[in-house]
Amino acid sequence: MAVSRGGYNLGLVKIPVKSNKRCSVSESKLDAVVSLAKRRGFVFPAGEIYGGTRSAWDYGPLGVALKDNIKREWWRSMVVTRGDVVGVDTSIILPTAVWVASGHVTVFNDPLIECLTCHKRHRADTLEEAYFEKHGHQPENGLKDIPCPDCGTKGNWTEPRDFNMMLQTHLGPVQDDNSLHYLRPETAQGIFVDFKNVMGSSRSKPPFGIANMGKSFRNEITPGNFIFRTREFEQMEMEFFVQPGTDEDWHQYWIDNRTRWYTDLGVNPENLRHYEHPKEKLAHYSKRTVDIEYRFGFQGSEWGELEGVANRTDFDLSAHAKHSGEDLSYFDQASGEKYTPFVIEPAAGLTRSLMAFLVDAYDIDEAPNTKGGVDRRTVLRLDPRLAPVKAAVLPLSKKPALQAIAHNLAGDLRQNEWMIDYDEAGAIGRRYRREDEIGTPLCITVDFDTIDDHAVTIRDRDTMKQERVDLDKVEEYVRVRIQEKRVRYPEGPVNITGETAADGSVDVTKEQGIDESAPVKVAEAGGNY
Ligand SMILES: Nc1ncnc2c1ncn2[C@@H]1O[C@H](COP(=O)(O)OP(=O)(O)OP(=O)(O)O)[C@@H](O)[C@H]1O
């Protein structure tokens, strides 16, 4: 991968940085986010000292904290705050029979094509989707109309062939057909094979769900676009088991619920849409699938899938029952009815959603400086629940008396399991900038008055307003402020039953009845810079 000065050359499209207070920026927003992610320790290329790789990325100190916070919010929303979903943590390597039964060994394929001019390989379906996105119609002559993204030659492709995406490994000392195993390409199958154990041990009955998250592996033909498509990634999946006949209503329920999860955590609804899979292109297990897509702004196609919400019918439980010989049906004692539950699956990508949260939060605006002018500032408007660092403690000088108060305060706040920065280096304005750039919601300044009045100044990341707070009340103040939802966009009920665009997508903003002309509310800047 080519490394450029401004970041990594990922073939990302140039889209201008959106700003509340406009200032001219020529940099692509995605390039800027990738560069920030590396510079501030969110995401690095794996093995960078050996040149890095497009297929795997490492999460640095801030990235791992952000990832943890997203996982916690997902788990809280899907398991902890509901009475009808329980959690599991299943193995990455399952018996090979699982993948035979699920169909992955035979049909988990992508259509591989190779450019006969430059010999680069691509996915035929992805190129066709990008063509549709650009031209608004399918290519009349199929692949013959599509140029190679690498060398530009038009239509000089091999015939598509099925390429199986399962990553293989061998277990034990002998490498033969018996030792061949697969790394899981999804966390879902671990749930299906545990269905009976979980239902029995947790005394759950339909409608109920089982949630699972962790690493998955796919031998993607074209990994790329930063962490959007990697060969090793993390998923957050939940299988919701329901009585047949109630499946369509539950499917709609989960499409709405999952869409709201993103907007509730601050994602701009204008950057979300639903993609209804055309009937003829549904996966072999699906009755209906709707993807929640985010406007990443990629070259070719702006939109990328964040999460698929599928009605998997009874395909998986029936397949595993047939192959294993176990009865995976449910007997409803109240009605005397026995049935194999249908399954609704919201399947989200953790690492993809992390990228969407970063891109969506990235903003540039202006902040007042000490000279009475304004400085350009980069600010990550992350929801405080997701922000890796909850607050920064900044003593105004390196005087021991101030340092002691500041150190004690930071130490006390950390006892709440909040990540707290302590920074005493450089001008206060520059320290604010460093915290804004990583999305720290609150900066707490310990100044000379603190010694006398036992109070500190707390400055808000978004409004830049400052408040004087008694030292004894800081902990409570922080607790309230980092739990409160920051309403960046008007809210409305999610309803996707409206008109569907030609490509099957539905613009969520229109369906939510959101007033797109309503300005984003960011209070006037104030305070001492
Ligand atoms: N290679 C990958 N890298 C990162 N995340 C992924 C990858 N493949 C899938 N995911 C995430 O897992 C979620 C559920 O997986 P699913 O099988 O529905 O994906 P998919 O439809 O095959 O994705 P795509 O069409 O982008 O290949 C996706 O919505 C995505 O967020």
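As the structure lists them, so they are numbered: ligands from 1, and atoms in each ligand from 1. All values derive from a computational prediction rather than experimental measurement.
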I'd like to know if Met355 contacts ligand 1, where contact means a heavy-atom distance under 4.0 Å to any ligand atom. no
Which part of [X] is near ligand 1, with near meaning a heavy atom under 4.0 Å away: side chain, backbone, both or neither?
X	value
Glu345	neither
Asp291	neither
Glu307	backbone

Would [X] count as being in polar contact with ligand 1, using the rule that some N or O on each side must be under 3.5 angstrom apart?
X	answer
Thr351	no
Leu306	yes
Gly349	yes

Pair [X] and [Y], ring centroids less than 6.0 Å apart:
X	Y	answer
His251	Tyr253	no
Phe241	Phe195	yes
Tyr182	Phe217	no
Phe226	Phe228	no
Phe240	Trp250	yes

May I ask you to decide whether [X] forms a salt bridge with [Y], counting only side-chain N to carboxylate O separations under 4.0 Å?
X	Y	value
Arg231	Glu220	no
Asp383	Lys485	no
Arg288	Glu345	no

Nearest protein heavy-atom contact for [atom]: which residue, which atom, what distance?
atom	answer
atom 3 (N) of ligand 1	Thr230 N, 3.1 Å
atom 22 (O) of ligand 1	Arg218 NH1, 3.0 Å
atom 4 (C) of ligand 1	Phe228 O, 3.1 Å
atom 30 (C) of ligand 1	Arg352 NH1, 3.4 Å
atom 27 (O) of ligand 1	Arg229 NH1, 2.8 Å

Provide the number and element of each atom of ligand 1 under 4.0 Å from a heavy atom of Glu220. 1 (N), 2 (C), 8 (N)
Can you sort out which atoms of ligand 1 are near Arg123, meaning under 4.0 Å from one of its heavy atoms? 27 (O)
Considering Phe108, Phe217, Phe233, which one's heavy-atom position lies nearest to atom 7 (C) of ligand 1? Phe233
Minimum non-hydrogen distance to atom 18 (O) of ligand 1, winning option of Glu305, Glu232, Gln235, Met165: Glu305
Minimum heavy-atom separation for Ala188 and Glu239, please, with both atom names. CB-OE2, 3.2 Å
Distance-only, no hydrogens or angles: does the Arg184 side chain make a donor-acceptor pair with backbone N or O of Lys215 under 3.5 Å? yes
